[in-house]
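Since the structure comes first, as structure tokens, the remarks are kept for the end.
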Amino acid sequence: MMSPAPPPPEAVGKAKDVSFDREKTMMRILLTEGHGSEAREGSHITVHWTVSTPGDDGVLREVYNTEDKWPRGVRFTIGRTTYCEAVERSLVAMKPGSVLDCFCTDMEAACCPELGFKSSRLVDGAREMWESPRGPLAALQGALDPPPMIPPKPEDVKPVWQPPQSVTVFHIRLDTASDGVVPMLLEPYERLEWCQNGKRFATELFKKGLHARAMRRYKKTILDLEIPTSWSEEQNVERNHLRLQCHLNIAACGLKFPPRPWPHPNLSTPKGFFDPLQETIFHCTRVLAADRANVKAYYRRAQAHMAKPAAEHINGLQEALADLKRAFELDPRNTDVRKLYSDAKQRQKQADAQAAGVFTKMIGTGELV
């Protein structure tokens with residue numbers, strides 16, 4: 001298999017979107033270009049970084065420096081770390097010696113459980129600068145870009161720029177980086193092992209409560225499984241089983257998000273919104289397309305149907321009842337399914353009674369004509 005052609009070098013000083021979903025929530029600016037092999041997933045790296053946040057006057061102030069505790073640098077493996085996700089994403093494709101800044105507006109991605117650092121919302125005094133559509137962040141995220149010469153298709157129209165709730169700036173220096181992993185160049189058995197390890201690490205993130213990050217790692221595992229290669233029949237069965245597990249786990253992540261408003265900063269994406277419950281429904285449906293007897297998929301999809309507001313999902317309760325009925329038929333001893341099925345039927349009775357009362361008031365006591 002031929003190696004892919006190397007991409008052109010990244011321009012120094014130009015902003016680049018390094019967020020997983022390309023929503024401009026992590027904007028990287030390369031300040032100094034390094035030399036050597038690029039860091040990628042699987043690379044063992046040594047890195048230093050500082051963290052700055054806007055103060056009461058909007059000016060950035062340093063609030064954390066890794067050199068205070070680790071003067072020789074922090075060491076971890078890209079793709080297999082619980083250190084700050086913004087730092088990890090920023091280092092992909094960087095060479096040793098690179099110095100860069102990352103402007104992160106995703107509060108969860110800016111947090112670092114390992115170091116005890118948590119991101120916070122913008123203070124009142126900083127809002128004028130950082131929430132301005134003509135401010136420094138808006139410029140990085142393309143809010144001031146001139147309109148295209150050729151009108152885009154309706155589905156490609158960029159949404160109106162929305163001010164962030166949080167801004168965290170990382171100043172990062174990459175000291176060393178070993179060769180990483182290129183999934184498309186792995187042999188089938190190596191790819192399966194790589195993806196299995198990726199799924200296990202995503203589960204670790206899930207257990208730590210990092211549900212959005214875990215969701216992204218499960219999706220990355222699915223993407224690595226989709227790269228064409230010469231799978232044997234046995235490997236293809238294992239691959240499909242692993243893919244279904246990842247879809248189910250993504251659905252579980254979607255159910256763990258807090259009530260609205262969801263802390264997911266979609267600032268520049270054509271879809272314009274993020275609905276974790278819809279993610280659950282979508283991925284459960286993908287599972288059921290391949291396995292019509294998967295009880296977990298029916299159960300989790302029913303949970304999502306019931307959790308969505310009735311005003312946005314008129315038939316949600318009916319769809320949940322259909323899923324739970326099928327799950328109950330497949331596994332009548334499953335206590336979780338039985339309990340949710342009972343709750344759903346009770347909610348349906350209440351909804352029917354309420355609808356009957358409304359209908360009675362509408363027609364009054366007279367006869368129909």
Side-chain angles (χ1 to χ4, degrees), residues 10 12 15-20 25-54 60-120 166-182 194 197-217 220-221:
E10 186 170 329
V12 175
K16 179 181 176 63
D17 182 8
V18 295
S19 59
F20 183 84
T25 57
M26 301 179 204
M27 300 301 296
R28 178 176 72 193
I29 301 176
L30 180 61
L31 304 177
T32 303
E33 185 179 4
H35 302 279
S37 300
E38 292 183 349
R40 59 178 69 246
E41 288 210 15
S43 294
H44 305 293
I45 65 170
T46 306
V47 63
H48 302 260
W49 72 83
T50 63
V51 184
S52 300
T53 57
L60 291 172
R61 288 180 173 79
E62 183 178 304
V63 295
Y64 192 89
N65 190 333
T66 58
E67 292 191 0
D68 294 340
K69 189 174 182 179
W70 290 278
R72 296 185 179 181
V74 180
R75 296 179 176 87
F76 62 82
T77 302
I78 295 180
R80 300 292 185 270
T81 179
T82 53
Y83 281 112
C84 179
E85 185 179 14
V87 172
E88 179 187 36
R89 294 289 308 173
S90 297
L91 291 169
V92 175
M94 292 290 95
K95 301 176 181 179
S98 296
V99 180
L100 54 111
D101 285 339
C102 175
F103 289 73
C104 180
T105 57
D106 185 330
M107 292 183 67
E108 181 176 312
C111 294
C112 190
E114 295 287 343
L115 304 181
F117 172 76
K118 292 185 178 181
S119 181
S120 58
S166 169
V167 178
T168 308
V169 182
F170 298 86
H171 183 70
I172 308 167
R173 185 181 82 241
L174 177 61
D175 284 355
T176 64
S178 68
D179 291 335
V181 175
V182 182
W194 169 257
N197 290 334
K199 180 228 171 195
R200 280 193 286 268
F201 178 69
T203 301
E204 290 181 27
L205 294 173
F206 181 87
K207 291 178 179 178
K208 290 180 180 291
L210 302 173
H211 303 120
R213 190 171 181 180
M215 178 184 283
R216 290 189 279 269
R217 296 309 309 176
K220 178 61 170 60
T221 298

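Given the structure is predicted, the values throughout are model-derived calculations rather than measurements.
Residues Ile29 and Leu31 form a side-chain contact, since some pair of their non-hydrogen atoms from C-beta on lies under 4.5 Å apart. Glu10 has its side chain out of reach of Glu33: every pair of non-hydrogen atoms, C-beta onward, lies at least 4.5 Å apart. Two residues are said to be in side-chain contact when any heavy atoms from C-beta on lie closer than 4.5 Å; Phe103 and Met26 fail this criterion. Looking at Leu30 and Met94, their side chains come closer than 4.5 Å, going by heavy atoms from C-beta outward. Taking the side chain as every heavy atom from C-beta outward, Val47 and Phe76 approach each other to under 4.5 Å. In this structure, the side chains of Leu115 and Cys84 stay at 4.5 Å or more apart for every pair of heavy atoms. You'll find the side chain of Thr32 stays beyond 4.5 Å of the side chain of Val12, heavy atoms only. Using a 4.5 Å cut-off on side-chain heavy atoms (C-beta onward), Arg216 and Arg89 make no contact.
A distance-only check finds no donor-acceptor pair linking the side chain of Thr81 to the backbone of Thr77 [under 3.5 Å]. For the pair Thr46 (side chain) and Gly73 (backbone), a donor-acceptor distance under 3.5 Å is absent. With Thr105 contributing its side chain and Ser166 its backbone, the two residues share no donor-acceptor pair below 3.5 Å.
We find the OG1-NZ distance between Thr168 and Lys118 to be 13.5 Å, quoted to the nearest 0.5 Å. Here the straight-line distance linking atom CG of Asp106 with atom OG of Ser19 works out to 8.5 Å at 0.5 Å rounding. With rounding to the nearest 0.5 angstrom, the SG atom of Cys112 is 8.5 Å from the CZ atom of Phe117. Note that CZ of Phe201 and CZ of Arg213 are 6.0 Å apart. Values are rounded to the nearest 0.5 Å.
For Tyr64, there are no ring pair (Phe, Tyr, Trp, His ring centres under 6.0 Å) partners, not counting sequence neighbours.
The side-chain contact (heavy atoms from CB on, under 4.5 Å) test with Arg40 is passed by exactly one of Asp179, Val182, Ile78, Val181: Val182. Checking Thr66, Asn65, Asp175 one by one against His48, the side-chain hydrogen bond (donor to acceptor under 3.5 Å, both in side chains) holds for a single residue, Asp175.
Nearest heavy atoms, Gly34 versus Ser98: N-OG, 3.1 Å. Across Pro96 and Ser37, no two heavy atoms sit closer than the pair CD-O, 3.2 Å.
By the 4.0 Å N-to-carboxylate-O rule, Glu114 lies too far from Lys208 to be salt-bridged with it.
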Worked check of salt bridge (charged side-chain N to carboxylate O under 4.0 Å, His left out) between Glu41 and Arg217 = CA-CA 12 Å; Glu41 288 210 15; Arg217 296 309 309 176; 3.0 Å; yes
Worked verdict on Trp49 versus Leu91 for side chain to side chain contact (heavy atoms under 4.5 Å, CB included) | CA-CA 11 Å; Trp49 72 83; Leu91 291 169; over 6 Å; no
